Each structure stands twice: as C-alpha cells, then as structure tokens.
Amino acid sequence: MEKIIVLIGAPGAGKGTQARLLEERRGIPQISTGDMFREMKTLDTPLAKEVQEIMASGKLISDDITYRIVRERTSKDDTKGSYVLDGYPRTAVQAEQLEELAKEQGKEIIAIEVDVPRDELMKRLTGRRSCPECGEIYNIYSKPPKAEGVCDEHPQTPLSHRADDTEEKVAVRLATYDEQTKPLLEYYANSGRLTKIDGTGDIEGIFKDLEGVLS
Ligand code: AMP
C-alpha cells in the first residue's frame, strides 16, 4: 500500500531537511505546509494577509484552511504514490482530517518522530538560513554554506533568515508544539504507527535511520 509518511518533531528538529532528502534521493514528494504558506504570503489577497499575520506570531493557521491546501496539493499527479508530509498534521483535528484523506486516497499513514533535545533547537533555529531560490537549508553553526551568506548552488542569491526564527517567535512556536502537536505522538503510538528516530548527529546518519524505518 502506498504511504503517507508523517514527520513529526519540534520546529528545528530537521523535518524539512530530511523530507527534502527523501524527495531528492527516493523521489518521494515533500509536502511542506510551512513552505506552502510562505509562498502564499507573497500574494496580495485577504487570505494571504491573514496567513502572514498568523505566521508572524508563531501560532497556527486554522485547521480548515490547512486541510484545504493539503487536500488540493495531494490531488496532483505526483502524489498518486507515497508522499511525505513535513509539518502536517499539527493538531488533533488535523490528524482526524488526515485519516479521512488517507482513507479516500487508499493510503496508509506512518508517523516518524524526529527527536531533538530542547536545548539544541533554539540554536538550530536562530542559526538557520535558507536559499530563496531553491529552498536549500543551511545553518551558520552546523551547516554553513561554502561562501558566507550565499547558497552553494545560487551564489547570486543572498540566504534569508525566516522572520519567525527569532528567539521570541521560536519560544511561541515551541510552546505551540508542546500544547497542540506533541499529543499526536501518543495518538500515533497508540495505534502502533509511530517510530522514533534520533534527530541529533549528522544529517546523513539521520537519513540512514529514516530509510531504515521506511524499508
Ligand atoms: P514550519 O515551516 O513548518 O515551521 O511552519 C511555519 C508556520 O506555518 C507555522 O508556525 C504556522 O504558522 C504555519 N503552519 C505550517 N504548518 C501548519 C499546520 N499544519 N497547521 C497550521 N499552521 C501551520
């Protein structure tokens, strides 16, 4: 059966980095709700304005809006097979909505927790930079680009620092994770669909563990 691979972990746990690798190396499409909302933010519509304000606060967009974009995105041809969700679901309601979607699509859900201790997350997030051109993720402490401030593949493009990766916003995002998303770990564990991997250490090692879970 085709799979919906759900990556769960606090902001900064490395879900995006690992999901990108799954897409690049295994051809499993990465569906990131955060990326989709960031793209939407640039539009000049009332909904885009609302999304922009909520994201800037570190809180979550409504379950129904989020479900709508996930549904629409996963109705495209490239998601006929397995796909990976990075940053979705994040609430109990979203988890229920995803059950419905999985049923409709005839797919099985497997959840993988990417576990990183709290004290490391803040450093990862405040040091995180990304390429606006290709989305590659760097970190000024642990994964710096070859030349300071620019992408290895797009040296003309200055790396950007997410507006919600400041200490103050990160604190709100971590609290939101604890309150709303963490309970999903128990939900998936109770139905025997959760595997935990260690999200510390080098990116390649973590990817190996992830592949191990999927094989
Ligand atoms: P991320 O890039 O996954 O850290 O997401 C950035 C922001 O996008 C979050 O802080 C939320 O405001 C919004 N967002 C992303 N995914 C979701 C989701 N599943 N539900 C609600 N809001 C989300």
Side-chain angles (χ1 to χ4, degrees), residues 4-23 29-43 47-74 79 83-102 109 111-114 116 118 120-132 134-139 159-185 187-188 199:
I4 300 177
I5 302 157
V6 169
L7 295 184
I8 307 183
K15 304 183 295 293
T17 300
Q18 295 299 330
R20 281 175 66 82
L21 289 178
L22 280 178
E23 175 164 299
Q30 171 203 19
I31 317 283
S32 158
T33 43
D35 284 351
M36 288 192 284
F37 284 135
R38 270 184 291 281
E39 271 165 34
M40 199 167 149
K41 252 176 34 174
T42 54
L43 304 174
L47 180 62
K49 288 251 143 48
E50 195 185 320
V51 165
Q52 191 174 14
E53 273 168 31
I54 298 169
M55 283 183 89
S57 73
K59 301 207 175 112
L60 296 180
I61 315 291
S62 82
D63 292 328
D64 287 335
I65 291 176
T66 309
Y67 185 50
R68 231 190 294 155
I69 68 158
V70 170
R71 222 188 142 75
E72 199 176 294
R73 174 63 188 86
T74 60
T79 49
Y83 57 84
V84 53
L85 290 175
D86 150 22
Y88 187 88
R90 263 164 141 114
T91 68
V93 170
Q94 290 181 11
E96 274 167 33
Q97 290 172 325
L98 182 62
E99 300 289 356
E100 282 303 307
L101 191 67
I109 296 172
I112 302 172
E113 177 187 5
V114 185
V116 173
R118 194 47 60 100
E120 198 177 316
L121 294 172
M122 186 62 87
K123 193 169 162 189
R124 285 195 185 189
L125 288 163
T126 51
R128 175 159 73 178
R129 301 289 183 274
S130 63
C131 174
C134 66
E136 182 63 15
I137 304 163
Y138 296 91
N139 189 290
L159 295 179
S160 64
H161 187 204
R162 276 174 52 173
D164 60 352
D165 275 347
T166 59
E167 257 189 79
E168 187 198 345
K169 298 294 158 54
V170 168
V172 177
R173 288 162 63 208
L174 289 174
T176 305
Y177 174 77
D178 287 343
E179 277 163 32
Q180 311 212 53
T181 310
K182 231 176 169 180
L184 299 186
L185 295 173
Y187 171 77
Y188 287 117

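As the structure is a prediction and not an experimental result, all values here were calculated from the model. Along the sequence shown, residues are numbered consecutively beginning with 1. For ligands, and for the atoms within them, numbers begin at 1 and follow the listed sequence.
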Exercise. Which is closest to atom 18 (C) of ligand 1 in terms of heavy atoms, Q180, R90, K169?
Worked result: R90

Exercise. When only distance counts, is I61 in polar contact with ligand 1, meaning an N/O pair under 3.5 Å?
Worked result: yes

Seminar exercise, completed: Residues S57 and V172: closest non-hydrogen pair is O-CG1, 3.4 Å

Problem set entry | atom 20 (N) of ligand 1 - nearest protein heavy atom and its distance | Q94 NE2, 2.9 Å

For this session: Using distance alone, determine whether G87 and ligand 1 share an N or O pair under 3.5 Å.
Result: yes

Exercise. Do any N or O atoms from the side chain of K15 and from the backbone of L7 form a donor-acceptor pair under 3.5 angstrom?
Worked result: no

For this session: Provide the closest heavy-atom pair for Y88 versus V6 in the form atom of the first, atom of the second, distance.
Result: O-CG1, 3.7 Å

Problem set entry | Distance filter under 4.0 Å to T66 heavy atoms, resulting ligand 1 atoms | 18 (C), 19 (N), 20 (N), 21 (C)

For this session: Tell me which one of R162, R173, Q52, E53 gets a heavy atom nearest to atom 6 (C) of ligand 1.
Result: R162

Exercise. Should D178 and R118 count as an ion pair when the cut-off is N to O under 4.0 Å?
Worked result: yes

Exercise. For ligand 1, is there an atom lying under 4.0 Å from some heavy atom of R38?
Worked result: yes

For this session: Mind listing the closest non-hydrogen atom pair of I61 and F37 along with its distance?
Result: CG1-CE1, 3.5 Å

Problem set entry | Expected output: side-chain K59 to main-chain T176 donor-acceptor under 3.5 Å | no

Exercise. For T33, is at least one N or O under 3.5 Å away from an N or O on ligand 1?
Worked result: yes

Problem set entry | Distance from atom 23 (C) of ligand 1 to nearest protein heavy atom, with residue and atom | F37 CE1, 3.8 Å

Exercise. For ligand 1, which part of L60 has a heavy atom less than 4.0 Å away: the side chain, the backbone, both, or neither?
Worked result: both

For this session: Could you tell me whether D165 and R129 make a salt bridge, using a distance below 4.0 angstrom between a side-chain N and a carboxylate O?
Result: no

Exercise. Where the closest heavy atom to atom 7 (C) of ligand 1 is concerned, which of M55, M40, K15 has it?
Worked result: M55

For this session: Could you go through the side-chain contact (heavy atoms from CB on, under 4.5 Å) check for Q30 and D35 one step at a time?
Result: CA-CA 10 Å; Q30 171 203 19; D35 284 351; 4.2 Å; yes

Problem set entry | Nearest-contact summary for atom 12 (O) of ligand 1 - protein heavy atom, Å | K59 O, 2.5 Å

